[in-house]
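All heavy atoms count here, side chains included; hydrogens, waters and symmetry mates do not.
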Amino acid sequence: MDGVNKELEQIFDSFDKNFIFKNKSVLQSNYQPNEILHRKEYINQVASILAPLLRGERPSNLFLYGKTGTGKTLSMLYVMKELMKRVDKIDALKLRIEYLNCKLKKVSDTEYRILAELIKKLGGNVPATGLPTQAVYSQFIELIDSEDQLVVLILDEIDQTVKKISDDFLYNLTRLNQDLSKAQISIVGISNNLTFLDEIDPRVKSSLSEEEIVFPPYNALQLQDILNKRAVSAFKEGVLQEGVIAKCAAYAAREHGDARRAIDLLRVTGEIAERQGSKKILLKHIDEANEKIEKDKIFEIVKSEPKQFQLVLGSIIKLVEDKKGEAIFTGDVYNYYQELCTKNKLEILTQRRVSDIIQEFDMHGLINAVVISKGRGGRTREIKLAMTNQIVKKIKEIIKDSIDCF
DNA sequence: CGAGATTCATGTGAAGTATACCTTTAGGCTTAA
DNA sequence: AAGCCTAAAGGTATACTTCACATGAATCTCGTA
């Protein structure tokens with residue numbers, strides 16, 4: 001018994017001796033800063049478009065674009081918070097703002113579920129299944145229309161949804177106002193995909209994006225500001241080696257100015273420094289962190305891939321290692337893959353499919369596959385691994401867990 | 001020797017199929033009036 | 001009668017397969033110099 005306690009004490013002790021973090025949550029992705037840097041202009045735009053709400057008028061539908069980590073959601077939520085503060089002071093005004101991230105797994109699947117989720121947020125109740133979609137619609141409308149009120153629906157990552165469902169859903173939403181007698185509704189769509197609006201029905205397009213705001217990526221300097229600000233409350237004083245912030249910002253700026261990425265990088269860097277028992281965060285920790293994030297991403301992909309994919313990847317790795325330096329081709333991979341399938345008693349997919357799978361790996365950046373023509377030797381893909389040996393080794397371990405190869 | 005035809009091994013697109021997972025519907029059962 | 005549940009029926013997305021055709025440079029063919 002005593003032994004266990006000592007062990008625990010040690011763990012707690014080492015936690016206590018944490019030199020690095022003061023408040024790590026500041027660097028976690030759901031953290032809401034109370035001031036948003038370098039987005040003032042856009043926040044103002046959003047605010048001025050939504051301002052009519054305060055007079056009880058329906059604002060235009062609004063559409064926000066921008067790549068990931070450009071502060072769209074953050075800005076929107078901020079404006080929403082400020083608006084609500086203001087509205088609370090005005091008695092006569094009934095305003096509801098509902099935020100829904102369409103990408104969340106439990107929601108994203110269908111029109112039905114999005115509506116169900118919205119209804120739940122508005123205080124209604126729908127069974128998880130069973131009702132006709134039309135019935136859910138009318139319940140939704142009834143719920144909104146039950147009072148004299150203004151409703152703003154913020155639909156985040158809406159492009160994800162529309163890819164899965166048709167744009168009828170959006171069309172219906174934009175026309176909701178016609179079915180309402182007392183209440184009025186505005187829609188704010190947020191999309192990561194800059195070309196999203198080009199892909200949807202023009203009727204929807206015109207009514208959904210009465211106003212549009214594009215959020216540009218942050219540049220390296222702006223990222224630095226953001227990181228600096230967060231670092232102050234996240235880290236203990238003096239733990240940052242000079243240049244750490246700048247380097248983090250530079251890394252993220254290279255990746256289309258994604259602030260989320262920058263913050264993640266900074267956090268992971270801190271975690272690595274902490275784990276190594278370092279008293280300061282050094283530049284070299286950033287490289288490790290960057291690699292770790294990269295690695296995690298790859299592992300995530302590999303792990304979530306079905307067995308067939310893992311077999312193909314296993315075949316590729318095996319062949320590349322065997323043929324040191326020499327390029328390998330689709331045919332080789334397919335042959336070896338067939339062997340592996342037999343060995344593992346799995347069904348053999350057609351070459352057509354394997355070809356697609358290889359292409360997918362290429363898209364994920366796990367391998368480099370270029371289509372070449374070998375003249376009379378035919379056409380094929382020339383395949384190379386695009387990962388460091390370390391990562392390959394790890395992947396082999398992951399694959400080995402589920403499949404007998406190598 | 002060179003232009004054009006041929007060839008190889010596989011890429012690529014379209015369309016069809018199997019499967020799993022949903023939604024809808026309808027019928028039956030329960031409940032409450 | 002209304003509400004609820006469930007099983008069967010109908011839909012739809014996904015992951016493949018099948019079929020058919022496209023590719024593009026090495027190689028072959030054959031006419032010509």
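The phosphate of dT17(C) has OP1 or OP2 within less than 4.0 Å of a side-chain N or O from T350(A). Contact annotation: T330(A) reaches the phosphate of dG11(B) (side-chain N/O to OP1 or OP2, under 4.0 Å).
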Q) For Y337(A) and Q308(A), what are the C-alpha separation, side-chain angles and deciding distance, and is it a side-chain hydrogen bond (donor to acceptor under 3.5 Å, both in side chains)? A) CA-CA 9 Å; Y337(A) 155 81; Q308(A) 297 287 3; 2.8 Å; yes
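Summarising the geometry, the separation between CD1 on I348(A) and C1' on dA15(C) is reported as 17 Å, rounded to the nearest angstrom. Computed from coordinates, the R379(A) CZ to dA22(C) P distance equals 13 Å when rounded to whole Å. When the P atom of dT10(B) is taken as reference, atom CG of N335(A) falls 8 Å away, rounded to whole Å. Note: CD (E360(A)) to P (dT14(C)) measures 12 Å, nearest angstrom. The separation between L349(A) atom CG and dT19(B) atom P is 14 Å, rounded to whole Å. Distance, F329(A) CZ to dA26(C) P: 13 Å, rounded to whole Å. The distance from atom CD of Q359(A) to atom C1' of dG11(B) is 9 Å, rounded to the nearest whole Å. Atom P of nucleotide dG11(B) and atom CD1 of I357(A) are separated by 12 Å, given to the nearest angstrom.
Using a 4.0 Å heavy-atom distance criterion, F309(A) is classed as a sugar-phosphate-only contact. In this structure, I358(A) reaches neither bases nor backbone, as no heavy-atom distance under 4.0 Å exists between it and the strands shown.
Residue side chain R353(A) does not reach the base of dT17(C) through any donor-acceptor N/O pair under 3.5 Å, judged by distance alone.
By the neighbour-count criterion of 12 heavy atoms within 6.0 Å, atom CD of Q32(A) is densely surrounded, having more than that number from other residues, nucleotides or ligands. Summarising the local packing, CZ of R260(A) is surrounded by 12 or fewer heavy atoms from other residues, nucleotides or ligands at distances under 6.0 Å.
Where R381(A) and R376(A) each meet DNA chain B at their nearest nucleotide, the meeting point lying more 5' is that of R376(A).
Closest to the side chain of R352(A), out of dC16(C), dA14(B), dA9(B), is dA14(B). Which of dT10(B), dC16(C), dT12(B) sits closest to the side chain of Q308(A) comes down to dC16(C).
A donor-acceptor pair is defined here as one N or O able to donate and one able to accept, closer than 3.5 Å; such a pair exists between the side chain of N61(A) and the backbone of I187(A).
For T70(A) and R39(A), the side-chain atoms include no donor-acceptor pair closer than 3.5 Å.
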